[in-house]
Amino acid sequence: MAWTKYQLFLAAMMLITGSINTLSAKWADMFSAPGCYGSPNHAFSHPFVQAVGMFLGELSCLVVFHILLCHDRHKPEPTMDPGQSFNPLLFLPPALCDMLGTSIMYVALNMTSASSFQMLRGAVIIFTGLLSVAFLGRRLQPSQWIGILVTIIGLVVVGLADFLSGHGDDSRKLSEVITGDLLIIMAQIIVAVQMVLEEKFVYKHNVHPLKAVGTEGFFGFVILTLLLIPMFYIHVGSFADNPRQVLEDALDAFCQIGHKPLILLALLGNTVSIAFFNFAGISVTKEISATTRMVLDSLRTVVIWVMSLLLGWEVFHGLQILGFIILLVGTALYNGLHKPLMAKLPCCPREQRAEEAEAPERERLLGAGKAANES
């Protein structure tokens with residue numbers, strides 16, 4: 001069945017805005033400008049300020065939800081299902097996980113390349129699968145266990161590519177590259193906990209996806225904005241890449257933006273793109289399928305890698321391509337993208353096809369959360 005123009009538009013929006021989200025965050029990290037207190041020119045290294053901007057983008061999904069709901073109610077026959085009422089505090093635990101995981105990933109993005117950042121986020125299926133077995137009582141199919149194993153191999157290959165690439169790069173310490181990669185993988189454990197919490201306690205209440213993303217964004221934005229105050233006074237030594245060597249210097253970030261307004265453009269690109277990416281992702285799941293959403297998310301990695309090469313942010317490394325292909329195969333196996341091919345084979349039992357038909361609904365529930373993406 002051919003896609004409609006609207007479906008093509010949604011798919012393109014998800015692919016483009018998802019790519020812009022990571023690229024704009026990395027672009028902001030590459031700027032240098034003078035800061036406050038007469039400090040000299042230094043790198044824009046403010047991961048927690050960037051995370052606040054990302055949550056602001058998620059919060060805007062709540063505004064979009066109410067605009068769409070208001071517009072739908074003015075129709076002669078409303079068609080939008082707003083979902084049932086719920087206690088917003090249900091979103092607090094997953095929002096805290098989102099806040100912590102996103103902040104760690106923005107710290108890691110300062111240390112590693114944009115393409116490796118995107119590829120290593122594929123580790124989330126390992127921890128999601130293991131936690132869903134332990135806490136949701138889910139039984140993984142053999143293909144999913146194979147997918148997890150293949151993903152682990154892919155992560156090792158991508159890490160090895162970063163090791164070899166960083167080893168020959170004088171401008172970036174090898175220890176920073178490896179630390180950044182490990183932080184990304186560690187953050188995926190927190191993201192997996194978030195996804196399990198959402199499935200166990202949130203999505204059983206039939207909450208509209210836009211409202212779910214927006215509510216998590218609200219908690220993340222408010223809490224992290226308040227945490228910027230104590231972070232301003234917490235000294236962490238050489239771990240922080242700002243003149244005062246504190247956990248986060250928001251004032252220094254604003255001073256650098258004032259000296260170089262292009263930084264604001266990069267931050268706005270991150271904030272706006274995450275809002276459109278979440279909306280497009282949810283719409284793709286609804287209008288096409290959760291499987292299509294996962295395929296587009298994988299293509300997003302290719303776009304980010306190609307753009308990083310064209311912009312000269314990183315050098316070509318063949319081992320990274322191999323790692324990406326292995327990760328892609330692992331993700332495809334875990335999410336059941338091989339099943340349509342298996343279903344066409346005469347040797348595939350009909351009972352097995354019926355059992356595997358439940359997977360898209362499970363994918364839809366997990367796909368209703370943030371990508372991605374989170375962040």
Side-chain angles (χ1 to χ4, degrees), residues 1-24 54 56-84 118 121 195 198 202-203 206-217 268-304 306-307 328 331-332 335-337 339-341 343 357-375:
M1 182 179 175
W3 285 6
T4 64
K5 291 182 178 180
Y6 179 62
Q7 289 173 331
L8 287 171
F9 170 75
L10 290 174
M13 180 193 292
M14 180 182 170
L15 183 61
I16 293 171
T17 56
S19 302
I20 290 174
N21 182 248
T22 299
L23 290 171
S24 61
M54 191 277 295
L56 180 61
E58 286 191 2
L59 175 58
S60 66
C61 290
L62 195 60
V63 178
V64 172
F65 167 77
H66 286 291
I67 291 174
L68 293 176
L69 185 62
C70 182
H71 176 72
D72 185 71
R73 285 177 175 173
H74 284 83
K75 292 181 180 178
E77 295 183 6
T79 56
M80 182 176 174
D81 180 15
Q84 66 186 87
Q118 194 64 36
R121 291 175 70 177
M195 295 176 73
E198 287 174 343
V202 176
Y203 290 116
N206 187 30
V207 181
H208 192 281
L210 276 177
K211 194 173 184 180
V213 172
T215 305
E216 284 188 17
L268 286 176
N270 187 42
T271 299
V272 175
S273 63
I274 193 65
F276 280 97
F277 176 67
N278 276 296
F279 173 76
I282 290 166
S283 300
V284 165
T285 302
K286 179 182 178 182
E287 297 289 336
I288 310 175
S289 68
T291 301
T292 302
R293 181 176 182 175
M294 282 176 272
V295 171
L296 290 172
D297 204 44
S298 298
L299 289 176
R300 181 163 66 114
T301 305
V302 178
V303 173
I304 291 169
V306 171
M307 288 302 298
L328 194 62
T331 303
N335 290 307
L337 301 187
K339 291 174 184 176
L341 296 175
E358 299 176 1
E361 176 63 17
R362 180 170 63 253
E363 293 165 359
R364 183 188 68 79
L365 290 171
L366 288 174
K370 181 172 68 80
N373 186 276
E374 357 112 246
S375 33

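Heavy atoms only: backbone and side chains are in, while hydrogens, waters and symmetry mates are out. All values derive from a computational prediction rather than experimental measurement.
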message: Just to verify, what does Thr301 make a side-chain hydrogen bond (donor to acceptor under 3.5 Å, both in side chains) with, not counting sequence neighbours?
response: none
message: Is any side-chain heavy atom of Asp297 closer than 4.5 Å to one of Phe277?
response: yes
Which atom of Ser273 lies closest to which atom of Ser24, heavy atoms considered: OG-OG, 4.5 Å
- prompt: Does Phe65 have any ring-ring contact (aromatic ring centres under 6.0 Å, His included) partners at least two apart in sequence or in another chain, and if so, which?
  reply: His208
field: 4.5 Å side-chain heavy-atom contact, Arg300 and Thr22
entry: yes
query: Does Gln7 use its side chain to pair, donor to acceptor, with the backbone of Ile288 at less than 3.5 Å?
result: no
task: Show the numbers, then the answer: is there a side chain to side chain contact (heavy atoms under 4.5 Å, CB included) between Leu296 and Thr292?
output: CA-CA 6 Å; Leu296 290 172; Thr292 302; 4.1 Å; yes
task: Tell me, please, which residues at least two apart from Ala280 pass side-chain contact (heavy atoms from CB on, under 4.5 Å).
output: Met13, Met14
message: Does His66, at its NE2 atom, have more than 12 non-hydrogen atoms belonging to other residues, nucleotides or ligands within less than 6.0 Å?
response: yes
- prompt: Within the distance-only criterion (no hydrogens, no angle test), does the side chain of Asp72 pair as donor or acceptor with the backbone N or O of Pro78 below 3.5 angstrom?
  reply: no
message: Nearest 0.5 angstrom please: Asn270 CG to Thr17 OG1, how far?
response: 11.5 Å
- prompt: Is Leu62 close to Lys211 at the side-chain level, that is, under 4.5 Å between some pair of heavy atoms?
  reply: yes
